[in-house]
Protein chains: 2
Amino acid sequence: METRKKGPSGRPRGFDADQALERAMLVFWEHGYEGASLAALTDAMGISATSVYAAFGNKQELFRKAMERYATGPSDYLVRALEQPTARGVATELLAGTIRTTTRPSGPQGCLGVQGALAASDSGREVRDLLADWRNDSCCRIQERFRRAADEGDLPPGTDPAVLARYVTTLAFGIAVQAASGVCGDELRAMADAALRTWPPV
Amino acid sequence: METRKKGPSGRPRGFDADQALERAMLVFWEHGYEGASLAALTDAMGISATSVYAAFGNKQELFRKAMERYATGPSDYLVRALEQPTARGVATELLAGTIRTTTRPSGPQGCLGVQGALAASDSGREVRDLLADWRNDSCCRIQERFRRAADEGDLPPGTDPAVLARYVTTLAFGIAVQAASGVCGDELRAMADAALRTWPPV
DNA sequence: GAAGTTCCGCATCGATCACTACGGAAATCG
DNA sequence: CGATTTCCGTAGTGATCGATGCGGAACTTC
């Protein structure tokens with residue numbers, strides 16, 4: 001499993017795979033998995049369908065890679081939120097990051113992990129389940145962080161980390177829906193500020 | 001515009017249009033607007049495509065009628081919530097109704113108004129905007145109810161009805177996403193109880 | 001019964017879906 | 001250079017999409 005190039009490698013590909021994946025992610029983000037046709041994807045990526053399948057497998061694999069890129073790119077605020085020193089900081093950073101990413105002026109509105117495939121036909125069931133797992137995993141990671149906060153005395157006694165994690169992720173997913181509906185960031189920030197003023201909701 | 005039957009009416013339709021629309025709504029609810037194919041719809045409705053177009057126009061019109069049925073059926077908890085005597089009662093009934101409808105054991109999980117068309121291709125843009133308007137309208141009606149509550153002294157001075165309405169609808173939409181992810185009703189109820197324990201979040 | 005109207009199953013429309021076979025062009029090797 | 005390997009544009013695969021034309025059957029009113 002050498003990463004070095006060895007042997008006759010033939011003609012190298014004539015496009016930037018990273019840039020192509022970035023553009024594919026934006027199309028999936030805006031139109032969802034099933035709403036993004038191969039024609040729309042290849043058009044945005046600037047390459048032919050042949051190149052897409054040679055470089056990424058098929059549409060489903062392309063979406064998986066686009067989702068990974070989304071998780072480590074536009075959605076990396078989750079990691080930064082988990083690194084906050086206090087539970088309140090975690091919630092604050094999570095909601096602020098969600099609002100920032102879902103209402104960015106240039107780019108799709110909403111969250112790829114939510115609107116990528118919330119409901120789908122039978123052929124899109126796997127992708128739908130993939131995103132559901134991603135959302136539940138996000139909730140679990142926050143729950144673990146809140147459990148640690150409870151152990152550290154950062155949360156009032158009797159606070160249930162699971163309920164608290166479900167609460168902040170519900171707000172985050174709701175923000176994603178509001179953003180997809182065209183609600184602006186300022187209004188969502190005012191809402192998040194109000195919600196965080198009573199923290200934690202024991 | 002008589003509702004009576006007059007003149008030669010020809011052969012009456014051989015199916016129950018109300019029942020067919022109910023079944024179409026369930027298919028749209030589960031698979032979304034674009035994820036519900038005409039084949040799946042006609043199969044569930046028990047009638048041919050010809051009958052669908054004769055009775056409901058086209059797929060988009062069928063969805064509009066299904067959405068109206070959803071608003072006055074499974075989603076009628078919104079009206080009951082708005083009729084509650086206190087602002088706290090409005091929020092409590094809204095969240096309870098949302099959880100009840102989005103996690104019913106038999107039937108689709110989630111909310112048709114959210115997952116019906118959160119992201120869509122170009123051909124589904126009109127339906128997507130229709131649902132976005134429905135969501136924003138729901139928020140506006142709640143905002144008006146909270147404004148009345150503020151006038152009646154039912155809310156602390158300085159409370160912004162718009163922010164409060166955005167808060168409860170964000171929770172409701174988030175609940176719909178959680179339900180679509182397979183989260184059970186009990187867990188969501190515990191979360192809603194915690195959120196309502198600190199009310200209002202001024 | 002006769003005339004008129006509507007229903008609806010069958011077959012199919014063109015468009016688009018995700019996907020791929022083919023082959024010439026281009027680049028890397030010895 | 002020649003040989004080899006890979007890329008990728010063109011064209012087209014069968015399947016499915018939403019939506020209809022047709023015509024016989026069924027039901028109405030007269």
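Both backbone and side-chain heavy atoms feed into the values below; hydrogens, waters and symmetry mates do not. Residue numbering restarts at 1 for every chain, and letters A, B, ... go by the order of the sequence lines.
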Side chain of B:Leu38: nearest nucleotide among D:dA19, D:dC27, D:dT20? D:dA19

Give the rounded distance in Å between these two atoms: CD of A:Gln60 and C1' of C:dC19. 14 Å

Round to the nearest Å and state the distance from B:Leu41 atom CG to D:dT16 atom P. 16 Å

Judged by nearest nucleotide, the residue sitting upstream toward the 5' end of DNA chain D, B:Lys59 or A:Gly14, is A:Gly14

Decide whether A:Gln178 and B:Thr169 meet the rule of one side-chain donor and one side-chain acceptor closer than 3.5 Å. yes

Would A:Ser121 and A:Glu34 satisfy side chain to side chain donor-acceptor pair (under 3.5 Å), going step by step from the backbone distance to the final call? CA-CA 8 Å; A:Ser121 69; A:Glu34 293 190 315; 2.6 Å; yes

Any donor-acceptor N/O pair under 3.5 Å between C:dC7 base and B:Arg11 side chain: yes

As a test of reading the structure: which of D:dC17, D:dA19, C:dC8 is closest to the side chain of B:Ser37, going by heavy atoms? D:dC17

Separation of C:dC19 C1' from A:Phe56 CZ (nearest whole Å): 16 Å

Decide yes or no on salt bridge (charged side-chain N to carboxylate O under 4.0 Å, His left out) for B:Glu68 and B:Arg64, but give the supporting numbers first. CA-CA 6 Å; B:Glu68 288 177 14; B:Arg64 296 183 109 92; over 6 Å; no

A:Tyr53 side-chain N/O to C:dC19 phosphate OP1/OP2 under 4.0 Å: yes

Quick check on DNA chain C: between A:Asn58 and B:Ala54, whose nearest nucleotide comes earlier from the 5' end? B:Ala54

Could you tell me if A:Arg13 sits above the aromatic ring of A:Phe15, with its cationic atom closer than 6.0 Å to the ring centre and no more than 45 degrees from the axis? yes

Respond yes when some side-chain nitrogen or oxygen of A:Ser48 is under 4.0 Å from OP1 or OP2 of D:dG9, and no when none is. yes

Any N/O donor-acceptor pair, B:Thr50 side-chain to C:dC10 base, under 3.5 Å: yes

What is the distance from NE2 of B:His31 to C1' of D:dT16, rounded to the nearest Å? 16 Å

Using the rule given for salt bridge (charged side-chain N to carboxylate O under 4.0 Å, His left out), can you reason through A:Glu144 versus A:Arg148, listing the C-alpha separation, both sets of side-chain angles and the distance that settles it, and then say yes or no? CA-CA 6 Å; A:Glu144 285 306 311; A:Arg148 201 190 84 195; over 6 Å; no

Would you indicate what B:Ala55 reaches in the nucleic acid, counting non-hydrogen atoms under 4.0 angstrom: base, sugar-phosphate, or nothing? nothing

So does A:Ser51 get a side-chain nitrogen or oxygen closer than 4.0 Å to the phosphate oxygens (OP1/OP2) of D:dC7? no

For the pair made of CD in A:Glu34 and P in D:dA15, what is the distance, rounded to whole Å? 20 Å

Using whole Å, report how far CG of A:Asp43 lies from P of C:dC17. 12 Å

Rounded interatomic separation in angstrom, taking CG from A:Leu62 and P from C:dC19: 10 Å

